[in-house]
Amino acid sequence: VQLQASGGGLVQAGGSLRLSCAASRNVFRINNMTWYRQAPDKQRELVATITSGGDTMYGNSVKGRFTISRDDDKNMCYLQMNSLKPEDTAVYYCNVDLLVTTGFGRIRDVWGQGTLVTVSS
């Protein structure tokens, strides 16, 4: 089972990006999905979480600017990032806390490889 994050890139301050996180096809069900980020020389930071029921939670620094969503039919999670700031520059990682495979295996704490977001001033 793998998570593939994509959508990062270089954008000017005030711009927007949409990140995607795709789970591999042998996935039956996904519990909570979370985006984290880590900037150089900083600790990893929780950006946003969406539960299996669709409830969302955001880090204080992104509230009102970022929106997390999911498409369970496609095993996808998205992070729409608007009004980007230079301080949003980081590698963004997607995470699943519990995943059930089509073979009904249970896998905890699955991470994607990260996608780099760079916001220029």
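This chain uses plain numbering: 1 for the first residue, then up along the sequence.
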Which ILVMFWY residues can you reach from Phe28 by hopping between side chains whose heavy atoms are under 4.5 Å apart? Val100, Phe104
Minimum heavy-atom separation for Gly7 to Thr115, with atom names? N-OG1, 4.0 Å
Set of residues satisfying side chain to side chain contact (heavy atoms under 4.5 Å, CB included) with respect to Val117, sequence neighbours excluded: Leu17, Leu19, Met81, Tyr92, Val119
Tyr58 with Trp35, same ILVMFWY side-chain cluster at under 4.5 Å: yes
Which residues satisfy the ring pair (Phe, Tyr, Trp, His ring centres under 6.0 Å) test with Tyr36, sequence neighbours excluded? Trp111
Just grab all the disulfide bond (SG atoms under 2.5 Å apart) pairs involving residues 11-65, residues at least two apart or on different chains. Cys21-Cys94
Residue pair Ser24 / Asn75: nearest heavy atoms and the distance that separates them: O-ND2, 4.2 Å
Would a 4.5 Å heavy-atom cut-off, applied to side chains only, mark Ile68 and Cys77 as touching? yes
Gln4: partners by side chain to side chain contact (heavy atoms under 4.5 Å, CB included), with sequence neighbours left out: Gln113
Any pair with a residue in residues 102-121 that passes salt bridge (charged side-chain N to carboxylate O under 4.0 Å, His left out), sequence neighbours left out, goes on the list, sorted by first then second residue, please. none
Working to the nearest 0.5 Å, report the span between CG of Asn95 and CG of Leu46. 9.0 Å
Rounded to the nearest 0.5 Å, the CZ atom of Arg29 sits from the CG atom of Leu98 at a distance of 6.0 Å
By side chain to side chain contact (heavy atoms under 4.5 Å, CB included), Ser6 pairs with (sequence neighbours left out) Ser20
Hits for side chain to side chain contact (heavy atoms under 4.5 Å, CB included) against Arg18, two or more places apart or cross-chain, chain-then-number order -> Tyr78, Gln80
Sequence neighbours excluded, which residues qualify as salt bridge (charged side-chain N to carboxylate O under 4.0 Å, His left out) partners of Glu45? Arg37
For the residue pair Leu79 and Ala48, what are the closest heavy atoms and their distance? CD1-CB, 4.2 Å
Pairs where residues 52-66 contributes a residue and the test salt bridge (charged side-chain N to carboxylate O under 4.0 Å, His left out) is met, not counting sequence neighbours: Arg65-Asp88
Heavy-atom closest pair (Leu116 atom, Ala90 atom, distance to 0.1 Å) is CD1-O, 3.6 Å
My understanding is that only residues two or more places apart in sequence, or in another chain, count here; which of them pass side chain to side chain donor-acceptor pair (under 3.5 Å) with Thr34? Thr49
Got a donor-acceptor contact below 3.5 angstrom from the Arg70 side chain to the Thr51 backbone? yes
When rounded to the nearest 0.5 Å, the distance separating CD of Gln43 from CD of Gln38 is 8.5 Å
Within this structure, what is the OG-CD distance for the pair Ser120 and Gln12, rounded to the nearest 0.5 Å? 5.0 Å
With rounding to the nearest 0.5 Å, note down the distance linking CG in Asp72 to CE in Met33. 7.5 Å
How far apart are the closest heavy atoms of Ser83 and Ser16, and which atoms are they? N-OG, 4.3 Å
Go through the structure and list residues passing salt bridge (charged side-chain N to carboxylate O under 4.0 Å, His left out) with Asp97, not counting sequence neighbours. none
Linking I/L/V/M/F/W/Y whenever any side-chain heavy atoms sit under 4.5 Å apart, do Ile50 and Tyr93 land together? no
